[in-house]
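Each remark here refers to the structure printed beneath this line.
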Amino acid sequence: MTDKLAVVTGASSGLGYQFARLAAQDGYDLVLVADEDEVHVAADKLRRLGANVEAIVADLSTRSGVAEFWTFIEDRRIDFFAANAGRALGEAFHDQNWSDVKRLIDLNILQTTSLLYKVGQKMHADGEGRILVTGSIGGFVPGPFDAVYDATKAYLNSLCYALQDEWKDSDVTLTCLMPGPTETPIFHRSENELEEAPISEADKQDPVKVAEQGYAAAMRGDMRAIPGFFSKVITMFSGVVPDSVLAKLHRQGAEPSKE
Ligand SMILES: NC(=O)c1ccc[n+]([C@@H]2O[C@H](COP(=O)([O-])OP(=O)(O)OC[C@H]3O[C@@H](n4cnc5c(N)ncnc54)[C@H](OP(=O)(O)O)[C@@H]3O)[C@@H](O)[C@H]2O)c1
């Protein structure tokens, strides 16, 4: 039994599962949270690696879901926190349901910020801790046909840079992982309409490698991790290449096929 605790949101699949696996391999006890019961399947897999795992089902797009989740961890020291749970939403903005748009903003922005606030306060009180936020290179480009998602990630990327500066003289580190398109279930969730977008079938980055780079960066206390050559180029040239060109490139990958 170890006394190091890692808390991972959105740990049932994709990058979050990989962060949890890496933390388990490093000997952390784990608290996993996701919206569906699948998180218990993930927890069982990680227990088979020898980890001490608790899994919680909570809707982190709601204040009540975050409050419920928080009661599990508020009295415990958190050594590593991965703010990773997130959703995307394809289609044209005006065709989306407002309730889906709101839920996306509530999860990716409002409640993620609320958790970072709570965890940040706790880690500062404890004197140290490591936070990994899953931002995105989507935050560097206008994102037609996933517009609100990219805007939420621009917010998260920006919040990360600001907190890194505020906390630079402390032992609380915050790493922003900014992946490019990565092969995870996010592209195949029926509710987000990305299935019909060309990007869903395109070659994407390996989630194991992306997560390894993000996790290693967080353990080192790096400010950011941008896995992959293409993603690094995007971050270097955003702000130089006109937004209209970046928007056109994004549209090519995200606009649902008309058939
Ligand atoms: N894949 C990419 O290309 C890419 C690129 C850049 C950034 N990202 C970011 O990476 C993060 C992880 O996504 P992923 O690609 O690994 O996709 P994923 O496999 O779909 O994982 C998303 C995770 O978030 C959880 N989640 C979604 N809504 C939730 C809610 N309301 N409450 C609690 N948990 C919720 C999901 O759990 P349930 O299944 O239980 O809902 C799942 O565990 C996201 O923040 C995403 O924006 C992904």
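Residues take their numbers from the sequence shown, with the count starting at 1. As the structure lists them, so they are numbered: ligands from 1, and atoms in each ligand from 1.
Within the structure, ligand 1 lacks Gln205 among the residues with a heavy atom less than 4.0 angstrom away. Heavy-atom distances between Lys153 and ligand 1 reach below 4.0 Å in at least one pair.
Listed by first then second residue, pairs satisfying side-chain hydrogen bond (donor to acceptor under 3.5 Å, both in side chains) with a partner in residues 218-234 read Arg220-Asp222, not counting sequence neighbours.
With Thr173 as reference, Arg130 is the one residue of Lys168, Arg130, Glu128 to meet the side chain to side chain donor-acceptor pair (under 3.5 Å) rule. The side chain to side chain donor-acceptor pair (under 3.5 Å) with Asn84 is formed by just one residue from the set Thr134, Thr112, Thr9; it is Thr134.
Atom CD of Glu183 has more than 12 heavy atoms from other residues, nucleotides or ligands within 6.0 Å. By the 6.0 Å contact criterion, CZ on Arg63 is open, its count of non-hydrogen atoms from other residues, nucleotides or ligands being 12 or less. Heavy atoms from other residues, nucleotides or ligands lying under 6.0 Å from OH of Tyr117 number 12 at most.
Gln164 approaches Met223 most closely through the heavy-atom pair NE2-O, 2.6 Å. Taking all atoms of both residues into account, the shortest heavy-atom contact from Leu116 to Ile131 is CD2-CG2, 3.7 Å. Closest non-hydrogen pair, Gly127 versus Asp171, comes out as O-CB, 3.3 Å.
In terms of protein heavy atoms, atom 32 (N) of ligand 1 is closest to Leu60 N, 2.8 Å. Annotation: atom 9 (C) of ligand 1 to nearest protein heavy atom, Thr134 CG2, 3.5 Å. Taking atom 25 (C) of ligand 1 as the reference point, the nearest protein heavy-atom neighbour is Gly10 CA, 3.6 Å. Atom 43 (O) of ligand 1 has Ser12 OG, 2.7 Å as its closest protein atom, hydrogens excluded (heavy atom only). The nearest protein atom to atom 27 (C) of ligand 1, hydrogens excluded, is given as Arg87 NE, 3.7 Å; this is a heavy-atom distance. Nearest protein neighbour of atom 18 (P) of ligand 1, counting heavy atoms only, is Ser13 OG, 3.5 Å. Nearest protein heavy-atom neighbour of atom 26 (N) of ligand 1: Ala85 CB, 4.1 Å. The protein atom (non-hydrogen) at minimum distance from atom 48 (C) of ligand 1 is Tyr149 OH, 3.9 Å.
Judged by distance alone, the side chains of Thr175 and Tyr215 never bring a donor and an acceptor atom under 3.5 Å apart. A donor and an acceptor atom, one from each side chain of Asp59 and Ser61, are located under 3.5 Å apart.
Atom CZ of Phe69 is separated from atom CD of Glu74 by 11.5 Å, given to the nearest 0.5 angstrom.
Contact atoms of ligand 1 toward Gly86: 22 (C), 24 (O), 27 (C), 44 (C), 45 (O) (distance under 4.0 Å to a heavy atom of the residue). Within ligand 1, the atoms closer than 4.0 Å to a non-hydrogen atom of Leu15 are 10 (O), 16 (O), numbered from 1 in the order shown. Within ligand 1, counting atoms from 1 as listed, the ones closer than 4.0 Å to a heavy atom of Asn84 are 10 (O), 11 (C), 12 (C), 44 (C), 45 (O). Here is the list of ligand 1 atoms found below 4.0 Å of a heavy atom in Phe187: 1 (N), 2 (C), 3 (O). Proximity to Gly14 (heavy-atom distance under 4.0 Å) selects the following atoms of ligand 1: 16 (O), 19 (O). Taking every non-hydrogen atom of Arg103 and a distance limit under 4.0 Å, the qualifying atoms of ligand 1 come out as 31 (N). The atoms of ligand 1 that sit less than 4.0 Å from any heavy atom of Asp59 are 30 (C), 31 (N), 32 (N). Listed by number with element, the atoms of ligand 1 under 4.0 angstrom from any heavy atom of Ala58 are 32 (N), 33 (C).
Here's the thing with Val33: none of its N/O atoms is less than 3.5 angstrom from an N/O atom of ligand 1. Note: no N/O pair closer than 3.5 Å links Pro181 and ligand 1 by distance alone. Where the criterion is an N or O separation shorter than 3.5 Å, residue side chain and backbone included, Gly135 fails it with respect to ligand 1.
The closest heavy-atom contact to atom 36 (C) of ligand 1, among the options Arg189, Glu38, His188, comes from Arg189. Selection from Gly180, Ser136, Pro207, Ala88 by nearest heavy atom to atom 4 (C) of ligand 1 gives Gly180. Between Val210, Asp35, Thr182, Leu104, it is Asp35 that holds the heavy atom closest to atom 41 (O) of ligand 1.
Checked against a 6.0 Å centroid threshold, the rings of Phe140 and Phe237 do not count as neighbours.
Within the cation-pi definition used here (under 6.0 Å to the ring centroid, within 45° of the axis), Lys4 does not qualify as a partner of Phe80.
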Exercise. Give the C-alpha distance, both sets of side-chain angles, the deciding distance and a yes or no for salt bridge (Lys or Arg N to Asp or Glu O under 4.0 Å) between Arg47 and Asp44.
Key: CA-CA 5 Å; Arg47 283 185 194 110; Asp44 282 341; 2.7 Å; yes
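Contact annotation: for Glu36 versus ligand 1, heavy atoms closer than 4.0 Å belong to both the backbone and the side chain. Using a 4.0 Å cut-off between heavy atoms, Thr184 contacts ligand 1 through its side chain alone, with no backbone atom that close.
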